[in-house]
Visitor: 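Quick one: this structure, given as structure tokens, is what I'll be asking you about.
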Amino acid sequence: MTAQAIDPTRYAGLWYEIARFPVSFQRGCTATTAEYGVTGPDTISVVNTCRDETPDGPVKQVVGSADIEAPGKLRVRFDSVPFVRAPYWVLWVDEAYDTAVVGVPSGKAGWVLARTPQIPDDRWQAALSVLRANGYDTKQLLQTEQPIP
């Protein structure tokens, strides 16, 4: 179940990855961020950045865009993977747009994102509840190491 409505302008900006499910394309990534920007009425730019192995390791980055297809449902494509568009569902975003939970319909990939590198326990517990309610096995979540500002 996706979020009822997403305000792309409020969703835009820098998000820190707090946790993720293991996916091959993020192997070795830490200090991961996602930056979104509004580029059209139904289009969002996407820049995903991480450090390889350690928070001060080499930078890895992928650039792409997402089309808003329905409330909370986006389809993402990356420049490095032409002709592939993947579902990206915003399952929950808190009222302040400080914490978000996103995933894919299969439940095999998902992320907890926040505007800050760490989040308080109440938002962490809320994110876990959203994932569980959507059928995700939260025991598989990997905490993302973020540098302390």
Side-chain angles (χ1 to χ4, degrees), residues 1-53 55-120 123-124 126-131 133-136 141-149:
M1 178 168 65
T2 62
Q4 290 298 319
I6 302 300
D7 179 343
T9 303
R10 292 184 70 200
Y11 197 72
L14 183 65
W15 292 87
Y16 293 87
E17 180 185 276
I18 303 302
R20 70 170 180 269
F21 289 90
V23 288
S24 61
F25 58 86
Q26 280 190 280
R27 189 170 289 120
C29 277
T30 193
T32 304
T33 61
E35 189 158 7
Y36 305 110
V38 178
T39 57
D42 294 320
T43 309
I44 296 173
S45 63
V46 179
V47 179
N48 290 340
T49 305
C50 78
R51 297 292 187 136
D52 194 16
E53 301 297 335
D56 58 353
V59 173
K60 297 181 351 184
Q61 192 173 72
V62 293
V63 176
S65 61
D67 296 321
I68 301 170
E69 297 187 326
K73 294 182 181 180
L74 292 82
R75 186 135 327 245
V76 178
R77 63 186 169 276
F78 291 101
D79 299 346
S80 59
V81 189
F83 312 113
V84 175
R85 294 178 49 196
Y88 176 95
W89 288 11
V90 180
L91 304 173
W92 173 74
V93 61
D94 67 2
E95 193 172 308
Y97 278 70
D98 287 333
T99 309
V101 176
V102 297
V104 299
S106 69
K108 299 209 183 281
W111 299 264
V112 177
L113 305 174
R115 298 293 188 173
T116 57
Q118 287 84 32
I119 60 173
R123 285 197 277 147
W124 173 247
L128 291 176
S129 294
V130 169
L131 287 165
N134 282 279
Y136 286 81
L141 269 177
L142 303 172
Q143 299 271 338
T144 304
E145 183 179 358
Q146 292 287 354
I148 297 173

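Note that the structure is predicted; figures quoted are calculated from it, not measured. By convention here, the first residue in the shown sequence is residue 1.
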Visitor: Considering only distance and modelled atom types, tabulate donor-acceptor pairs under 3.5 Å from the side chains of residues 8-15, sequence neighbours left out.
Guide:
{"residue": "R10", "atom": "NH2", "partner": "E95", "partner atom": "O", "Å": "2.8"}
{"residue": "Y11", "atom": "OH", "partner": "Y88", "partner atom": "OH", "Å": "2.9"}
{"residue": "W15", "atom": "NE1", "partner": "Y11", "partner atom": "O", "Å": "2.8"}

Visitor: Run the numbers on L128 and L141 for side-chain contact (heavy atoms from CB on, under 4.5 Å), then give the verdict.
Guide: CA-CA 10 Å; L128 291 176; L141 269 177; 3.5 Å; yes

Visitor: Take a 6.0 Å sphere around NZ of K108 and say whether it holds more than 12 heavy atoms from other residues, nucleotides or ligands.
Guide: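 Result for NZ/K108: open.
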
Visitor: Walk me through it: do Q61 and V47 pass the test side-chain contact (heavy atoms from CB on, under 4.5 Å)?
Guide: CA-CA 7 Å; Q61 192 173 72; V47 179; 3.4 Å; yes

Visitor: NZ of K60 to OG1 of T30: how many Å apart, nearest 0.5 Å?
Guide: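 OG1 of T30 is found 10.5 Å from NZ of K60.
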
Visitor: Side-chain atoms of residues 16-28: list all donor-acceptor pairs with protein atoms under 3.5 Å, sequence neighbours left out, distances to 0.1 Å.
Guide:
{"residue": "E17", "atom": "OE1", "partner": "Q26", "partner atom": "NE2", "Å": "2.9"}
{"residue": "E17", "atom": "OE2", "partner": "R20", "partner atom": "NH1", "Å": "2.7"}
{"residue": "E17", "atom": "OE2", "partner": "T144", "partner atom": "OG1", "Å": "2.5"}
{"residue": "R20", "atom": "NH2", "partner": "Q26", "partner atom": "O", "Å": "3.2"}
{"residue": "R20", "atom": "NH2", "partner": "C29", "partner atom": "O", "Å": "3.2"}
{"residue": "Q26", "atom": "OE1", "partner": "W111", "partner atom": "NE1", "Å": "2.7"}

Visitor: Within a strict 4.5 Å, meaning less than it, do heavy atoms of the W89 and V102 side chains meet?
Guide: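 Sidechains of V102 and W89: no contact.
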
Visitor: Are any of the side-chain heavy atoms of N48 and F78 separated by less than 4.5 Å?
Guide: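 A side-chain contact under 4.5 Å exists here.
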
Visitor: Evaluate L131 against V101 for side-chain contact (heavy atoms from CB on, under 4.5 Å), listing each step before the verdict.
Guide: CA-CA 7 Å; L131 287 165; V101 176; 3.5 Å; yes

Visitor: Are S65 and R77 packed together at the side-chain level, in the sense that at least one heavy-atom pair is separated by less than 4.5 angstrom?
Guide: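 Yes, close enough: below the 4.5 Å cut-off.
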
Visitor: Show the nearest heavy-atom pair for residues V76 and A66, with the distance to one decimal.
Guide: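 The pair with the smallest heavy-atom distance is CG2-CB, 3.8 Å.
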
Visitor: What's the shortest heavy-atom distance between E145 and P55, and which atoms?
Guide: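 Taking every non-hydrogen atom into account, OE2-CG, 3.4 Å.
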
Visitor: D67 versus R85: any side-chain heavy-atom pair under 4.5 Å?
Guide: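 Sidechains of R85 and D67: in contact.
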
Visitor: Does the side chain of T39 come within less than 4.5 Å of I44's, by heavy atoms?
Guide: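 No, side chains not in contact.
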
Visitor: Under a 3.5 Å distance rule, please check whether R51 uses its side chain to pair with a backbone N or O of V59 as donor and acceptor.
Guide: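 No; zero donor-acceptor contacts below 3.5 Å.
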
Visitor: For D94 and T99, indicate whether the former's side chain and the latter's backbone hold a donor-acceptor pair under 3.5 Å.
Guide: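 Between the backbone of T99 and the side chain of D94 there is a qualifying donor-acceptor contact (under 3.5 Å).
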
Visitor: I'd like to know whether V112 forms a side-chain contact (heavy atoms from CB on, under 4.5 Å) with W92, so could you lay out the CA-CA distance, the side-chain angles of the two residues, the decisive distance to 0.1 Å, and finally the verdict.
Guide: CA-CA 10 Å; V112 177; W92 173 74; over 6 Å; no

Visitor: Calculate, to the nearest 0.5 Å, the distance between atoms CD1 and NZ belonging to I6 and K73 respectively.
Guide: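 Here the interatomic distance stands at 12.5 Å.
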
Visitor: Quick check: closest heavy atoms across A114 and I119, and the distance to 0.1 Å?
Guide: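 What the structure gives for the nearest pair is CB-CG2, 3.1 Å.
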
Visitor: Is any side-chain heavy atom of D98 closer than 4.5 Å to one of T116?
Guide: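 Heavy-atom side-chain distance check fails, nothing below 4.5 Å.
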
